[in-house]
Amino acid sequence: MAADPDLVLPARRVPAPAAPPRPAGPSRWLGAVVPLLAVALLELSGRLGWVAPNLLPPPSEVLETLWQLARQGLAGHVAASSLRVLAGFAIGGGLAVAIGALVGLSRRAEWLLDPTFQALRAIPSLAWVPLLLLWLGIDEAPKVVLIAIGAFFPVYMGVAAGIRDVDRKLVEVARMGGLSPLSLVRRVLLPAALPSVLTGLRNGLSLAWMFMVAAELIAATQGLGYLLTDGRETARADIVLAAIVLLALLGKFTDTLMQRLERRLLAWRDTFDNRP
Amino acid sequence: MTTPLLDVHLHRKAFGDRLILQNVHLQVHEGEVVTLVGASGCGKSTLLRIVAGLETEHDGDVRLDGRRLSGLTRDVRFIFQEPRLFPWLTVAQNIAFDLGDVGQADDRVADLLDEVGLAGLGKALPKQLSGGQAQRVAIARGLFTQPRVLLLDEPFSAVDAFTRMKLQDLLLRVARAHGITLLMVTHDIDEAVYLSDRVLVLQSDPGTVQAEVPVTLDRPRRRDDDAAPAFTSRVRQALQAAHAF
């Protein structure tokens, strides 16, 4: 028997699974309105002398500072910070995926480990700094470890909760298919937990950036956090602002990458994403 | 009479202190269509889950072709009230789920899609399907492993009346084509009479088979069969006697 014509809804028939079509809603550029207005206002208030330019330099001056810094090894600072974030995120996120999966899969592991990790999660990030400095000196190690700690918890929570909350009904279907425990994990639990895992990774990455600044503020000779300290010590608000702008841009850039990945991997979701 | 394909002897099934089923004996013969009706909470679904091997803690046994079942088996498949498709897999991957990652290339997938009226939709994702289409995919998945018995737990209760009629006919057609025996739970008396060779009426607290109504209407079944109302009222009387309403 061929497809029942009245059953196949033509409008819903197999659009490409990736890249959901964005209907003609509000433009994506809407997000640029607020920053542009803010920049214009800051520029104006600087030029008109509403605020002291040494405290709040106008955006044009910050841009100029960025340009100068670019010729004095800004790339090195950005690279140093980015590498630390990358290393810390990889270590913290990697461990979190493994331990989170264990806790999500086994109730025994959850009862054994989860209370401890919840307690550790409650420790403010800066509380680790003195300890890490004592243990690991002022080299790269304490910075990367601090970033890894920051990235760990959101990823851990995402993975553990994602696996724990997989729909029992789907697991039942998989059991009827006679799946081994390993293929149950691979073919059902991980895909079903993926939305939560990716949210955790995304949050972990943004926390990694934050912890990177905390780490670099304390002891560093390179990196964006160092620029912040340097700017404060030399009373150069323009340098501080330039570093802040870079942090915002880098954070937004990596977050956009994660968002793309999320869209791509989760194209199967039937969500509210097409809202006006 | 030959040995029944499915032979269920259940002495007791309880959840904690609550006794759900007691002394349930039922037999289903090869090629038969049997439905279970009864009030909500009378244990119909639990009974079906025990037969499927999804519930294993009970006092009693389930035999398939004389062989005692001790859990899940490929010979018995279950179709749930909801389609329960894996949303991240395509229709074809869902149908061939039991075969693993290579399954979707299996020839039978296309045949089954054709059979349930979804030809060409193999690459669609579940989110693109209507409720009726999704349940068709679930039926195709149930058929894929070529089981001998298909258990259905109110499979058509979530679709509209027209889709339900089409799905009922589809079910009878594929069951006959594949030589599959059906044991189905339903709330719909008309559906029970239209589909079944026998309707088993369960009473509650604890659940047990109270009455059996053989339906001797001609096959293939006709929606406007004049003899059908008599069977319908017989089932209704039996339900009343079992205090279902």
Side-chain angles (χ1 to χ4, degrees), chain A residues 1-21 162-163 165-198 262-274, chain B residues 49 52-54 71-74 76-91 93-94 96-101 103 111 113-130 132-133 136 138 141-142 144-145 147 151 162-163 166-167 170 173-174 177:
Chain A
M1 160 177 156
D4 249 322
D6 52 332
L7 275 162
V8 178
L9 307 175
R12 304 174 93 173
R13 249 191 106 160
V14 210
I163 293 179
D165 296 344
V166 171
D167 191 353
R168 178 190 57 80
K169 294 174 172 176
L170 288 183
V171 177
E172 221 166 60
V173 174
R175 272 180 56 213
M176 298 205 64
L179 259 63
S180 68
L182 200 67
S183 32
L184 181 70
V185 171
R186 187 177 66 79
R187 295 184 59 204
V188 179
L189 297 181
L190 283 183
L194 200 59
S196 172
V197 171
L198 285 171
E262 216 170 23
R263 282 246 173 80
R264 192 190 196 105
L265 292 176
L266 301 180
W268 49 267
R269 273 201 302 185
D270 197 4
T271 55
F272 189 47
D273 209 24
N274 286 328
Chain B
R49 291 173 62 86
L54 285 168
L72 300 162
T73 159
R74 292 222 156 184
V76 180
R77 272 294 124 119
F78 204 110
I79 291 176
F80 299 92
Q81 192 170 359
E82 332 76 30
R84 298 198 185 183
L85 304 180
F86 297 103
W88 55 88
L89 298 179
T90 63
V91 165
Q93 288 168 331
N94 265 293
F97 182 80
D98 290 2
L99 227 60
D101 302 325
D111 292 344
L113 275 171
D114 210 26
E115 213 175 329
V116 298
L118 295 177
L121 279 182
K123 288 202 163 64
L125 285 169
K127 70 171 179 180
Q128 296 163 283
L129 304 176
S130 68
Q133 288 175 319
R136 283 167 188 257
R141 176 172 64 187
F144 182 74
T145 49
L151 305 170
F162 302 120
T163 307
K166 285 188 173 181
L167 289 177
L170 169 71
R173 194 170 58 236
V174 296

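All values below were derived from every heavy atom in this structure, side-chain atoms included, with hydrogens, water molecules and symmetry-related copies excluded. Note that the coordinates shown come from a computational prediction; the quantities given were computed from them, not determined experimentally. Residue numbers begin at 1 in each chain, while the letters A, B, ... track the order of the sequences.
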Select one option (side chain, backbone, both, neither) describing which atoms of Leu179(A) are under 4.5 Å from chain B's heavy atoms.
side chain

Chain B contact via Arg269(A) - side chain, backbone, both or neither, heavy atoms under 4.5 Å
backbone

Could you check whether any side-chain heavy atom of [X] comes within less than 4.5 Å of a side-chain heavy atom of [Y], counting everything from C-beta outward?
| X | Y | answer |
| --- | --- | --- |
| Arg141(B) | Met176(A) | no |
| Trp88(B) | Leu190(A) | no |
| Phe86(B) | Arg187(A) | no |

Portion of Leu89(B) that has a non-hydrogen atom of chain A nearer than 4.5 angstrom:
neither

Donor-acceptor contact below 3.5 Å, side chain Lys127(B) vs main chain Trp268(A)
no

Here the gap from Glu172(A) atom CD to Phe78(B) atom CZ, rounded to the nearest 0.5 Å, amounts to 7.5 Å

Please give me the minimum heavy-atom distance between Asp98(B) and Gly177(A), naming the atom from each residue.
OD1-CA, 3.2 Å

Measure across Leu85(B) and Leu170(A) and return the closest heavy-atom pair with its distance rounded to 0.1 Å.
O-CD2, 3.6 Å

Most contacts with chain B, counted as non-hydrogen pairs under 4.5 angstrom, among Pro191(A), Gly178(A), Ser183(A)
Pro191(A)

